[in-house]
Amino acid sequence: MTTLEPATDAAQDNLAALESEAIHIFREVAGEFDRPVILFSGGKDSTLLLHLAIKAFWPAPVPFPLLHVDTGHNFDEVIDFRDRVVERHGLRLVVAKVQDWIDDGRLEERADGMRNPLQTTPLLDTIAENKFDAVFGGGRRDEERARAKERIFSLRNAFGQWEPRRQRPELWNLYNGRHRPGEQVRVFPLSNWTEADVWNYIAREKVELPSIYYAHRREVYQRDGMWLAEGPWGGPRPDEVVKELTVRYRTVGDGSCTGAIESTAATVDEVIAEVSASRLTERGATRADDRMSEAAMEDRKREGYF
Amino acid sequence: MSSLLRLATAGSVDDGKSTLVGRLLYDTKSVLADQLDAVTRASVDKGLSTPDLSLLVDGLRSEREQGITIDVAYRYFATPRRSFVLADTPGHVQYTRNTVTGASTAQLAVLLVDARKGVIEQTRRHAAVLALLGVPNLVLAVNKIDLVGYDEATFTVIAEEFAEHAASLGYERGSVLAVPVSALVGDNVAEKSAKTPWYSGPTLLEHLETVPVAPDPHDSAFRFPVQYVIRPRTADHPDYRGYAGQIAAGTVRPGDEIVVLPQGIRSRVEGIDTADGPLAEAGAGTSVTLLLTDDVDISRGDLIAAADRQPTVTDEITATLCWLSAKALKPGARVLVKHGTRTVQALVGELHARFDEQTLSSVDDPGTLELNDIGRVTLRLAEEIGVDDYGVSPRTGAFLVIDPKDGDTLAAGLVGERFA
């Protein structure tokens, strides 16, 4: 990832180019697919995705529903935010609850209590059930080595699997969305954005985010070097000491594996300043699921995860 | 000067491309502590004493197992002078299609050679592909210069041989720079090396930061493939009818006279709309919505163009194809052509010639095109489309050839004769 600096004029040109590219991608999918859906978790990347979708079709409404794979381990602030956004823009929201899959035996709770890895099955089942043929995700190539290999239009087989060796060449801005029945295409309009671009664009467009991205007081405890919040994911354990700290979140995901960082950055500009000084990537800092193995992301993507 | 440079790497396997990319990321401080920790740990596990920088970029399990790059990856780095989007492409012959993928949007390509081996078959093949796609700037990175004892004569021989090859592909001497580098040690990548006092040129990074990037020529004719028709039919916008798309070439202003192809309907631009409000002018690369003065029937796949400078409307095109599939091309085959926002059925007609990128000559009537071959064909289309010569307007001169059965992308197509 690149160094985060407040956007200069040249950087503003770059943001305009990234915006035009993302809008182009949204419209290509609307033109070529029957049943697209936007994956929406309430995090900053999917919020940005929705903001760009709204711009792409203005003054008409966004012609796709949203899909949230709900791990059940959410931050309340994020679910509130999700519901407010859906309401404000008159969107349709499909929710796939991991808990439903656990309750009827299609999934088993993991011993470590993490539910992020459990999202894949509900995601694939819900895609199949709704016959979604194009699924937008907020993934960025700068996030992770395996993601750097991802095409903007990424064909998945009937099992939702990614096969990196067999990716189609992606030429110029001509995206090939052809697929056979049962296959789907994952689409990543933010592929060429960096974390710096995302934050600078959020600042430029005054995009509202869930409050937990900004500094607030929270009771947290330390586990595997991360500050976790109390929640339904189990914790603190008796040996884990709870402290009240001023923290914020750099990514928003499942509460069982998303850590807070100590921070006093309460505004977008302060966040930009803070992240530019950080020596850790957003995922390296606060995402336990990416630490499970050297190829954790690739392995999950092969199974059908984003 | 443009703030953003899109570049691609190319070159043969094992010539150190991933190490060079890792070195660029490392030397521009684009690698953060946790990423470097992970690479250092993995390098120690492999028994290495220094971090293997190629592990920063070879992201796939099988890439790390085999120590090679399999698929193109995109990297982002920045210096105070410029931002970079880098397509890191694989060198294996079987993955040349990924070089085409990386190079189709590149403004500059860094072609690597191993100083011990010099210019080889794959170097010539990649240079030909880059020339064909019209990548305007080339850098020859003569890598592993440390392994030939920083020998000036070795470098000069390689640089001269390559400059000659590039010149016969149409590259002027000034558009090709050769740099002696060691990606492993860091010589002449971001830091000038004391071991090559005979080299007076810039470091690789310095060149990337300062090389002029030709902007889209302002005098290009306006081209606008219609992506999507925006008709809200809401209380606020009951009669709104806008044509959404990304400007492929040229600029547009309200009042401009346009023609809608292939129908040939004429109208005028009434307004240029965006979610942030109307624009007085919009140029290539911008996603906008056009409002026209007449209520005409336009749909996705149509091309809106400047009325006074129209493209060629035809149902038969002669084009150069980079064949990217293991399924060979045979005359008589039924394919799909995706051009702009329009996908049409097509029949492969005559296969006129195959380009030999080693001898830079062409073979007439080759019979078939195999994986990685470059050839000239005639395609007969089920419907007319508006096309430009790729050399004049790349965005409206480019197309995909798609297999109608499984949807695979078979070829990169370039309208016109790109080789003699």
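We name chains A, B, ... by the order of the sequence lines, and we start the count at 1 in each one.
Of the two parts of B:D273, only the side chain, counted from C-beta on, holds a non-hydrogen atom closer than 4.5 Å to a non-hydrogen atom of chain A. Using a 4.5 Å cut-off between heavy atoms, B:Y240 touches chain A through its side chain atoms alone. Of the atoms belonging to A:H179, not a single heavy atom falls under 4.5 Å from chain B. Residue contact with chain A, scored on non-hydrogen atoms closer than 4.5 Å, involves the backbone of B:V288 exclusively. Residue contact with chain A, scored on non-hydrogen atoms closer than 4.5 Å, involves the side chain of B:R395 exclusively. Interface remark: B:L25 contributes no atoms to any contact with chain A (heavy atom separation under 4.5 Å). For chain A, the nearby parts of B:L400 are the backbone and the side chain; heavy atoms of each come within less than 4.5 Å. If you measure heavy-atom distances from B:T274 to chain A, the contacts under 4.5 Å come from the backbone alone. Only the side chain of B:L336 has a heavy atom closer than 4.5 Å to any heavy atom of chain A.
Using a 30° and 60° split on the angle between ring planes, A:F153 and A:Y175 fall in the parallel class, below 30°. Using the six-membered ring where Trp is involved, B:F84 and B:F77 have ring planes that are parallel, under 30° apart on the 30 and 60° scheme. Ring orientation note: the planes of A:F64 and A:F26 are close to parallel, at an angle under 30° on the 30°/60° scale. Using cut-offs of 30° and 60° for the angle between ring planes, the A:Y201 and A:W193 rings count as perpendicular.
Annotation: maximal heavy-atom pairing with chain A below 4.5 Å, among B:D403, B:D236, B:T234, B:D408, occurs at B:D408. Considering only heavy-atom pairs separated by less than 4.5 Å from chain A, the leading option among B:S287, B:P394, B:G245 is B:S287. Interface check for chain B: of the options A:A22, A:G177, A:S191, A:P169, the most heavy-atom pairs under 4.5 Å are formed by A:P169. Of the listed residues A:L155, A:I54, A:N192, the one with more heavy-atom pairs under 4.5 angstrom with chain B than any other is A:N192. For the set A:A60, A:P59, A:A17, the entry with the most heavy-atom pairs within less than 4.5 Å of chain B is A:P59. Among B:T105, B:V85, B:I247, B:I230, the residue with the largest count of heavy-atom pairs under 4.5 Å with chain A is B:I230. The candidate with the highest count of non-hydrogen atom pairs below 4.5 Å against chain A, out of B:T343, B:D276, B:V229, B:T341, is B:D276.
The line from CG of B:D302 to CZ of B:R342 is 5.5 Å long, rounded to the nearest 0.5 Å. Interatomic distance, CG of B:L371 versus CG of B:L324, reported as 7.5 Å (0.5 Å rounding). Once rounded to the nearest 0.5 Å, the distance linking CG of A:D197 with CG of A:L48 reads 10.0 Å.
Listed by first and then second residue, the salt bridge (charged side-chain N to carboxylate O under 4.0 Å, His left out) pairs that reach into residues 21-30 of chain A are A:E28-B:R300, A:E28-B:K338, sequence neighbours excluded.
Using a 4.0 Å cut-off between charged nitrogen and carboxylate oxygen, A:E205 and A:K55 count as a salt-bridge pair.
Few gaps surround CZ on A:R168; more than 12 heavy atoms of other groups in view lie less than 6.0 Å from it.
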